[in-house]
Amino acid sequence: KDTAERVYRAETSFYCPRLVYTDGPRPVTVLADGGFHKQYPMPDTETVSTIGAGDNFNAGFIYGLLRQGITRDHLDRGLTQQQWDGLIADALAFAAEPTVIEVGSGAEFDNAVAAINGAAGGEYVIKLTDDFESGGASFSSACAITILGGGHTITLGQYSSLSVAKGTQLNLGSADD
């Protein structure tokens with residue numbers, strides 16, 4: 001059986017100097033000019049549906065190009081391993097289901113913030129289940145974060161920051177009409 005790598009090297013690498021391919025739950029493979037070859041493990045996630053997974057991966061890859069300011073000129077010159085690592089991390093983050101953390105107290109909120117700030121990547125949703133007073137927290141994370149409650153949403157992109165002062169009352173409010 002032919003592998004994607006063998007077919008790429010034998011049939012298409014002369015006119016397509018870079019190939020990124022996904023293979024379900026198996027690692028994402030990057031083959032690029034200059035002999036660059038790296039496999040990126042897929043995060044452990046429960047697959048609910050594979051519909052749109054490739055589209056989400058591609059959207060995350062494009063987001064990574066924009067976030068890192070990578071242009072066609074950069075691609076033509078060849079990317080560094082660090083640039084490839086960032087692109088694939090962004091693509092995988094878009095393709096994965098977000099981690100949902102339900103929060104109903106100040107202590108739970110503080111624990112959620114600490115967990116997200118300590119995470120290397122991914123997407124998180126904090127779902128507020130009750131009104132509570134914050135003990136003070138500051139998001140400073142490489143992760144995309146969404147805070148939901150009572151029909152209201154706060155979204156923080158990767159590398160965004162948000163501080164919640166000690167004593168701040170976080171209220172669910174009423175659902176949007």
Side-chain angles (χ1 to χ4, degrees), residues 1-103 111-127 139-148 153-162:
K1 178 181 171 187
D2 282 335
T3 66
E5 182 174 353
R6 195 211 64 73
V7 171
Y8 168 73
R9 294 204 187 282
E11 307 292 334
T12 61
S13 63
F14 68 93
Y15 64 85
C16 179
R18 291 163 293 285
L19 174 70
V20 177
Y21 70 91
T22 61
D23 190 14
R26 288 167 287 289
V28 172
T29 301
V30 175
L31 303 168
D33 31 10
F36 184 84
H37 176 234
K38 186 170 181 180
Q39 291 189 316
Y40 296 85
M42 290 293 293
D44 290 330
T45 59
E46 179 183 340
T47 301
V48 177
S49 170
T50 57
I51 296 172
D55 294 337
N56 288 342
F57 181 90
N58 293 339
F61 191 86
I62 292 167
Y63 167 78
L65 290 169
L66 296 171
R67 184 180 65 76
Q68 292 187 57
I70 295 173
T71 65
R72 182 181 184 109
D73 187 51
H74 291 112
L75 290 168
D76 289 343
R77 287 193 316 252
L79 300 182
T80 66
Q81 180 173 331
Q82 182 180 3
Q83 288 171 313
W84 281 115
D85 291 350
L87 287 172
I88 300 304
D90 286 333
L92 290 173
F94 268 65
E97 287 289 318
T99 300
V100 178
I101 304 171
E102 291 194 1
V103 170
N111 289 339
V113 172
I116 294 168
N117 285 344
E123 181 180 352
Y124 289 83
V125 174
I126 295 178
K127 184 177 179 183
F139 289 97
S140 179
S141 175
C143 303
I145 306 160
T146 300
I147 304 171
L148 302 173
T153 304
I154 299 172
T155 302
L156 304 174
Q158 288 182 299
Y159 303 102
S160 296
S161 63
L162 172 74

task = Give, for atom CZ of Arg67 and atom CG of Leu87, the distance between the pair rounded to the nearest 0.5 Å.
result = 8.0 Å
ask   = Under the 3.5 angstrom rule, does the side chain of Tyr8 hit a backbone N or O of Pro17 as a donor-acceptor pair?
value = yes
Heavy-atom pair with the smallest gap, counting every atom of Asp76 and Asp33 = O-OD2, 4.3 Å
query = CD/Gln39 to CD1/Ile88 distance, rounded to the nearest 0.5 angstrom?
reply = 11.5 Å
inquiry  = How about CZ on Arg77, more than 12 heavy atoms from neighbouring residues, nucleotides or ligands closer than 6.0 Å, or not?
reply    = yes
ask   = To the nearest 0.5 Å, what is the distance between OH (Tyr40) and CG (Leu92)?
value = 9.5 Å
query = Taking only residues two or more places apart in sequence or in another chain, which ones pass side-chain contact (heavy atoms from CB on, under 4.5 Å) with Asp23?
reply = Arg26
task = Looking only at non-hydrogen atoms, find the nearest pair between Arg18 and Ala32 and report the distance.
result = CG-CB, 3.9 Å
key: Euclidean distance, Leu79 CG relative to Ile70 CD1, rounded to 0.5 Å   = 5.0 Å
task = Applying side chain to side chain contact (heavy atoms under 4.5 Å, CB included) between Phe57 and each of Ile62, Asp90, Val28, report the one that passes.
result = Val28
request  = Begin from the C-alpha positions of Leu31 and Arg9 and carry the test side-chain contact (heavy atoms from CB on, under 4.5 Å) through to its verdict.
outcome  = CA-CA 9 Å; Leu31 303 168; Arg9 294 204 187 282; 3.4 Å; yes
request  = Given side-chain contact (heavy atoms from CB on, under 4.5 Å), test Thr12 with Leu19 step by step and report yes or no.
outcome  = CA-CA 9 Å; Thr12 61; Leu19 174 70; 5.9 Å; no
request  = Hey, could you give me the NE2/CG distance between His74 and Leu65, rounded to the nearest 0.5 Å?
outcome  = 11.0 Å
task = State the OG-CD distance between Ser13 and Glu5, to the nearest 0.5 angstrom.
result = 10.5 Å
Partners passing side-chain contact (heavy atoms from CB on, under 4.5 Å) against Lys127 (at least two apart in sequence or in another chain) = Val100, Glu102
task = Might you point out which heavy atoms bring Phe14 and Glu11 nearest each other, and give the distance in Å?
result = CE2-O, 3.1 Å
ask   = Between Trp84 and Phe61, what is the ring plane arrangement, given parallel below 30°, perpendicular above 60°, and tilted in between?
value = tilted
